[in-house]
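Structure record follows, encoded as structure tokens.
Reckoned from all heavy atoms, side chains included, excluding hydrogens, waters and symmetry mates.
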Amino acid sequence: MLIGYARVSDTSQNLDVQREALAKAGIDKLFEEKKSGRSADDRPELQAAIEFARHGDTIACTKLDRLARSVRDLHNILATLDQKGVGFRCLDQAIDTTTSTGRLTISILGAVAAFELDIRAERQREGIEAAKRKGVYEGRKSAIDLDRVRQLHGRMKPNEVAAVMGISRASVYRALSSINAAATPS
């Protein structure tokens with residue numbers, strides 16, 4: 001069975017082009033959603049398509065970015081499909097993991113994307129080191145108002161402070177630790 005998956009990121013966008021391409025490819029069942037979702041876990045219709053697929057089926061989409069939002073996400077989705085014995089086809093990029101060429105192509109694309117991420121991270125580290133040598137790098141500024149944490153903690157428990165400020169309890173404890181470290185004489 002050929003199972004189609006179509007997705008747009010915004011409710012104002014239209015799925016018609018994807019529907020048409022998937023229908024032309026001969027899909028038997030279509031799952032679609034209008035949802036951004038940073039990972040596969042955030043997209044219920046994708047999860048439903050994966051759950052629906054049986055050994056020997058193939059899931060198809062029009063473009064890789066409709067299926068996955070990152071290399072890691074793509075790798076995880078493809079690993080899940082592989083475990084189930086389900087293939088994957090990407091119509092626009094002519095990828096079909098049910099063929100040896102398709103498996104090679106997806107592996108190469110994944111390796112290139114991972115390489116690009118590594119290069120970008122390396123450049124960022126080099127830039128930070130250069131800025132530190134010049135004395136202009138101060139690191140990431142805390143988004144948490146430490147004075148407010150201190151005030152609220154005077155009359156509330158950490159979990160209550162977290163709820164009021166819309167942060168995690170762990171963030172409250174880190175803020176309190178930072179406050180205490182600043183208050184302790186060297």
Side-chain angles (χ1 to χ4, degrees), residues 5-18 31-52 59 61-81 83 88 90 106 109-186:
Y5 175 70
R7 181 185 66 80
V8 290
S9 300
D10 188 287
T11 56
S12 67
Q13 294 174 314
N14 193 310
L15 288 161
D16 290 344
V17 172
Q18 292 178 60
F31 291 83
E32 59 184 53
E33 60 194 333
K34 292 185 174 191
K35 187 152 177 59
S36 179
R38 293 268 180 218
S39 73
D41 296 336
D42 297 337
R43 292 180 268 136
E45 288 299 309
L46 175 58
Q47 291 304 312
I50 292 169
E51 180 66 29
F52 178 81
I59 292 181
C61 67
T62 56
K63 297 181 180 182
L64 278 178
D65 68 346
R66 301 298 86 204
L67 181 74
R69 302 296 289 172
S70 68
V71 174
R72 177 176 288 154
D73 199 28
L74 178 62
H75 174 75
N76 291 340
I77 293 166
L78 293 177
T80 299
L81 295 178
Q83 287 173 348
F88 168 70
C90 179
I106 201 79
L109 288 174
V112 169
F115 175 71
E116 288 175 347
L117 285 173
D118 288 347
I119 294 295
R120 193 175 310 129
E122 188 176 305
R123 283 190 205 125
Q124 183 180 15
R125 281 191 304 273
E126 289 171 354
I128 289 170
E129 290 304 317
K132 283 180 180 178
R133 284 192 299 275
K134 292 178 183 176
V136 295
Y137 183 78
E138 298 176 16
R140 183 175 172 218
K141 304 253 189 289
S142 175
I144 297 172
D145 183 347
L146 297 179
D147 288 333
R148 183 136 190 252
V149 170
R150 182 183 305 115
Q151 291 168 355
L152 292 174
H153 186 253
R155 57 184 200 262
M156 296 179 178
K157 295 179 182 176
N159 60 332
E160 295 169 324
V161 173
V164 167
M165 292 187 68
I167 58 177
S168 70
R169 194 175 72 208
S171 294
V172 172
Y173 284 117
R174 279 192 296 276
L176 291 171
S177 177
S178 176
I179 290 166
N180 290 335
T184 305
S186 305

**Prompt:** Can a salt bridge be assigned to the pair R43 and D73 using a cut-off of 4.0 Å between side-chain N and carboxylate O?
**Reply:**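 So R43 pairs with D73 through a salt bridge.
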**Request:** Return the set of residues passing ring pair (Phe, Tyr, Trp, His ring centres under 6.0 Å) with F31 (not counting sequence neighbours), or none when no residue passes.
**Result:**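 F52.
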Looking at [X] and [Y], would you say the former's side chain and the latter's main chain have a donor-acceptor pair under 3.5 Å?
{"X": "R150", "Y": "L176", "value": "no"}
{"X": "R66", "Y": "C61", "value": "no"}
{"X": "Q13", "Y": "S9", "value": "yes"}

Do [X] and [Y] come close enough that some side-chain heavy atom pair is under 4.5 Å?
{"X": "L74", "Y": "I106", "result": "yes"}
{"X": "N14", "Y": "V8", "result": "no"}
{"X": "E126", "Y": "E122", "result": "yes"}
{"X": "E45", "Y": "R7", "result": "no"}

To the nearest 0.5 Å, tell me how far [X] [atom1] sits from [Y] [atom2].
{"X": "I167", "Y": "M165", "atom1": "CD1", "atom2": "CE", "answer": "4.5 Å"}
{"X": "F88", "Y": "L67", "atom1": "CZ", "atom2": "CG", "answer": "4.5 Å"}
{"X": "L78", "Y": "N76", "atom1": "CG", "atom2": "CG", "answer": "9.0 Å"}

Please give me the minimum heavy-atom distance between [X] and [Y], naming the atom from each residue.
{"X": "C90", "Y": "L64", "answer": "SG-N, 3.4 Å"}
{"X": "M156", "Y": "V161", "answer": "CB-CG2, 3.8 Å"}
{"X": "A49", "Y": "I59", "answer": "O-CD1, 3.8 Å"}

**Message:** Does E160 have more than 12 heavy atoms from other residues, nucleotides or ligands lying within 6.0 Å of its CD?
**Reply:**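 Enclosed: over 12 neighbouring heavy atoms sit under 6.0 Å from CD of E160.
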**Message:** Test side-chain hydrogen bond (donor to acceptor under 3.5 Å, both in side chains) on Y5 and E33; report intermediate values, then the result.
**Reply:** CA-CA 8 Å; Y5 175 70; E33 60 194 333; 2.5 Å; yes
**Message:** Between L46 and K35, does the side chain to side chain contact (heavy atoms under 4.5 Å, CB included) criterion hold? Intermediate values first, please.
**Reply:** CA-CA 10 Å; L46 175 58; K35 187 152 177 59; over 6 Å; no
**Request:** With sequence neighbours excluded, give me every side chain to side chain donor-acceptor pair (under 3.5 Å) pair touching residues 167-178.
**Result:**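 The answer is S168-S171, S171-R174.
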